[in-house]
Structures are given as structure tokens and as C-alpha cells.
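So you know, we letter chains A, B, ... as the sequences are listed, proteins then strands, and number each from 1.
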Amino acid sequence: MKKTELDIRREKMEALREEGIEPYPSGYVVENTISEILALTEEAPDSLTDEGPVFGVAGRLMAINKFGKSAFVRFKDRTGQMQAYIRKDQVDEQAFKVFKTLHVGDFVGLKGTIFKTKTGEWTLAARELTLLCKSLRPLPEKYNKLKDPEKRYRQRYLDLIMNEETRETFIRRSKIVRALRSFFDQRDFLEVETPMMQPIPGGAEACPFVTHHNALDMALYLRIAPELYLKRLVVGGLERVYEINRNFRNEGVSTRHNPEFTMLEFYWAYATYHDLMDLTEEMFQHVAKEVLGATTFMYQGQEISFEGPWKRISMFNALQTIGGADKEVLEDRDKLIAFAESKNVPIDKKARTGKIITKLFDALVEPELVQPTFIHSYPVEVSPLSRRSQKEPDLTERFELFIAGKEIANGFSELNDPDDQRGRFLQQVADKEAGDEEAHWMDEDYVEALEYGMPPTAGQGVGIDRLAMLLTDAASIREVILFPHMRHAASLKTGDEAPNKKEG
RNA sequence: GGGCCGUUAACUCAGUCGGAAGAGUAUCUGCCUUUUAAGCAGAGAGUCGCUGGUUCGAGCCCAGCACGGCCCA
């Protein structure tokens, strides 16, 4: 049998155990963080002497320069990275046994004073060295790091260990969510949690995942949106609510889509979609300031500014000024279809006019919207939950927000007329029967809630992954999701059928 | 779903015209008590993604499949 690196390290680990050194001890009292010590070297270097003070830190070894009876090791904790110097005549016999078997990747506890090396680096002079966890597998190479995207996503822990940018991305994502919570908390919104498993999936046009409840013997759907439940809460008198949580949509994966993704949705009684647009500008500026310390930043080589006021254009207007469609084209269905064909925009000729207009918008206008832009007044056919415009009943009091060519948010004055809502659902059911798999289901229970009365309300959804992409300059959604969805690893498939695999 | 590209040692990558599988890092052995991708001497390490085909001979050419990346739908 050939010895792998795993075998060799395991042997060394077992040899330590025979020497009475536990390679996987329980706990460790960590007295200091690396950033704390490095801050002291900046602020009070004169206080650091060979006599003291003594610091105690713990971390993972990232590099070892060994000289036989001494070594420089680089190690890191959650706060940073620093160097330690270990020499035989400064530590006890047990520690020297550990020292001789150290590998990059091991966790150690170190106690000692701080000194400056000949080359000027502040370094911990170890008086105690404790093995805290033996690493059996080699880490990726120190200079080239881990690059293979597949490995980075499947084994995100390696990516986090090796690539500081990855770590920073996810720390920043966490700050974004925290900033959003503080924004809504400050405005007296209540954070709530609504069902992720729903008997009728609603609130968006999307194909759901299905599952089955055994004890109740009923189908349940992973939610595609929390919308209809949040509005029931507004009916219930919770006038300002928000939820930040996962939605699930059974569609393809791409650099912009993951089957599960995070949405912020909030509902605000007595407000309109105009209020939402104002609030959204404030919200995004607040988040950018909290997270980046600025409202202007670079995204994929383009400068994006959150400074207001943002452009607000109606969809029809945008199609004319940006999409290059004449007014008469938008008013005549046949001309519209001809226009779509002339622009090579694939459309379903049987679809209702509002759907075709939206397709044209997606293809011709959306990619052009780099700076934050609200597009408002969506056709009623594609907005089954939005209030109708009083002036033009074929349009709705709805907008979407686009930044860097991506849809980031979707908001509207909510439809609270129960009879209109029932009619819209019936139209959706007809669309579904006509083959539109993403059309809404009838939700009588929701209509009943509206019959009790929902105050005039405005509500909005914000794609948190896409916002995180913007603020971390990520080109792919996989860079801002810790464990993005992947197919079965090729190695897992051989000789082992997936449980629900379709016969092909 | 379609197009293009990729898959070679633990990691990052070479591999020419089809003719004996390579480098650096990591690992192992020896030396080495202030290094900065430490150094010196030596060693081990491969299902070249998988299956089949063409060929005297395939990492390389062809086909199918798997996984991944980018673009399009």
C-alpha cells in the first residue's frame, strides 16, 4: 500500500497520542486575539518586552519555516494573522515533541511575549505550545491558494481558510442584513417569520418545489414568496412587518439564480408605492453607508451611485426612450409582435399583451439600467397582486428597481379590494390552464382575509443576494451564497443511484 | 435546453507533430536556533474525469456521458 499524506499525518498523530499528547483536546482558554496584540504593537510598542506581558492566543497554522530546533510559524484566528517563534530552549519537552510534528493546518494554542525580529516583524515568542487539533489533510497551496470554483463552492471551508476575499465577502453580507434590520427596527417595523412550507404557494410567478407531509398525508410547497402571509398579518393589525428569509423556486441555476435565495419583504400600512420608492432610496443609502462607508462604489468596473434622487420612469416611457419602441407600437398588438420579432426577442404570440410588453422590457431596457432606476406602472396582467392605477386601470401602482442591469426590488401599492383580487386569481387560473406553469393559484383563504379588510398598504421585496452581489462586486450569485446549489459531485454518482433520480 | 471552454500529483499549472507522464508548492529523510513563498542534499507521490472507438502506439485524435465555468434562452 502506498502511503498517502493522510496516512503519514495519521501516523504522526497516533505517535503523539502514544507519547501522552492528546491530538484532539477539549477546549482552550484563549486570552487574546491576534488583532488585539497587533493593535498593541501599533499603540504601545514600548510596553512589549521580553519580561512581559505574556499573551495567550489560539489559531490555525498557515505557514511553517522550520530550522531543526526552532521555527517561525504563521497562524491565524478570526481577527487576523501573525507570526510566532518557537525554539527548543524556550518550551518544555512535551511542547518540543509537538513542535517536531507540526503541519500547516494544525490548530495550536500559544503563550508568550512579543518581540520584534531582525527583519522588523512583531512576533510572539512562544513559552508554551499546545496542540489543539491535528489536521490530517494538507491545505491548498499557500501561494496560489484555492482557485478551482467547483472546489471553492463544494468545500467552502477551504475557500474561507485560503482566500481572505471570500471571508470578507461573507462578513460584508452579514453586515448588509444587519443594516437592513436596524433600518426597519428604527422605523417601528416588526420582524416576523411566516411559513416556508405552504399548502398553496403564492405571492410570485414561479414554479415551486413540492414535498409531502407524511402524518397529515398532504402536499406542501416550499414557499416562492412570503407575501400572502405577510399581508394576512397586516389584516391582523400588524401595520408594519418585515421578514428576511429564504424563498425557493424550481427553475434553472445561473450566475443570477440559485434555487434557494434570500428575500427581504416588508409591508407598510397607509403607505403607497411612492412612499416605497422614497423609503428604498433611504434604505439603500443607509446600508451602503453602514457597510461601505460610502454611497458610491464600483461594480464590475462601473461606478454605481446610490445618491438620490433616483430616476423614476414608467415602463411605457422606458420602452420608448430606452427600448426604441414607437408609441403606436405599444398601442397595437400586431405591431408589438412585429417589433419583438424585428428585435429578435422571443415571445409567445398567444400571451396577453401585458406579458409581451414585459418581455420586451426585460430584453431591451433592463440591461441598460445601470444607475438605480425605478420603472413603474406595470401592466395589470403581470401584476396580479397590485392595486390598479386610478387613471389607467390597465396599469398598476407597481415598480421594480434596477441597478447594474439587474432587478433588485419589486414593490407596489397592494390590492386590497377582495373582489378585484378574486377576479385576478381567476384570470391567473385561466392562464395556468392555458399552459402558464408559473401563473398563480387561487387562494380563497387569502381572499377571505381581504374580505375582513386590509388597510391601504404598500409592500416590497428586495433580493438580498443581488444586493450583496452589488456591494461585494461579485459577478456571480454563487460568490455571495456560502453553499450554492450544485449537482451531485461526479464522484458521488458512480455506483450509487440518487434516491429520486429520473430514469433516463 | 443551446453554444464555447475546462477536467493531468494534495494545491497551482506545463505537457511540442500521436512515440518512456513533468515543474513549483506541499509531503517524507538528513542538516540547520531570527525566517518572510527560508536554504542545502536526497526521496516518495498519477484510474491524465468516465466509457468506448481510431491507431503498431492515445494525456494528445473521434464519439458518448459526468462534473464545472462563461455566454445565450
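Across B/rG18 and B/rG53, the matching C1' atoms stand 15 Å from one another, rounded to whole Å. Here the separation of B/rA37 from B/rA23, taken at their P atoms, is 24 Å to the nearest Å. Taking atom C1' in both B/rU54 and B/rA41, one finds a spacing of 48 Å when rounded to whole Å. Spacing between B/rC40 and B/rG52 at atom C1', rounded to whole Å, works out to 50 Å. B/rC61 and B/rG22 have their C1' atoms separated by 22 Å, given to the nearest Å. Remark: the separation of the C1' atoms in B/rC65 and B/rG6 is 16 Å, to the nearest Å. Nucleotides B/rA73 and B/rU12, compared at atom P, are 32 Å apart to the nearest Å. With P as the reference atom, B/rC5 and B/rA63 are 12 Å apart, rounded to whole Å.
Among the heavy atoms of the strands lying under 4.0 Å from A/F115 is at least one base atom, whether or not backbone atoms are also near. At a threshold of 4.0 angstrom between heavy atoms, the contacts of A/M162 with the nucleic acid are absent. When heavy atoms are screened at a 4.0 angstrom cut-off, A/R74 is found touching base atoms of the nucleic acid.
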Anything under 3.5 Å between a donor and an acceptor, one on a side chain of residues 360-372 of chain A, the other on a protein residue two or more places apart or in another chain? List them.
residue, atom, partner, partner atom, Å
A/Q371, OE1, A/S305, N, 2.9
A/Q371, NE2, A/E303, O, 2.7

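For the 3.5 Å distance criterion, the side chains of A/E121 and A/Y85 fail to qualify, holding no donor opposite an acceptor.
Contacts between residues 351-369 of chain A and RNA chain B, defined by a heavy-atom separation below 4.0 Å, involve no residue at all. Near-neighbour residues of RNA chain B inside residues 87-105 of chain A, defined by a heavy atom below 4.0 Å, number-ordered: A/R87, A/D89, A/H103. Within residues 55-69 of chain A, the residues that have a heavy atom under 4.0 Å from RNA chain B are, in order of number, A/N65, A/K66, A/F67, A/G68, A/K69.
By the 30° and 60° cut-offs, the orientation of the rings of A/H440 relative to A/F425 is tilted.
In this structure, A/R487 does not reach the B/rA66 phosphate: none of its side-chain N or O atoms is under 4.0 Å from OP1 or OP2.
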**Report entry** Base-pair map of RNA chain B as dot-bracket, where | denotes pairing with a different strand and pairs are Watson-Crick or G-U under 3.5 Å
**Finding:** (((((((..((((.....[..)))).(((((.......))))).....(((((..]....)))))))))))).

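Between A/D159 and A/K145 there is no salt bridge, since no side-chain N of the basic residue sits under 4.0 Å from a carboxylate O of the acidic one.
One donor-acceptor pair, N or O on each side, does fall under 3.5 Å between the base of B/rG24 and the side chain of A/E141. Below the 3.5 angstrom threshold, one finds no donor paired with an acceptor across the side chain of A/E121 and the base of B/rU35.
Here B/rA26 presents its C1' atom at 14 Å from CG of A/D106, a figure rounded to the nearest Å. Between A/K145 atom NZ and B/rA26 atom P the separation is 14 Å, expressed in whole Å.
For A/W310, the ring pair (Phe, Tyr, Trp, His ring centres under 6.0 Å) partners two or more places apart in sequence, or in a different chain, are A/F284, A/F306, A/F374.
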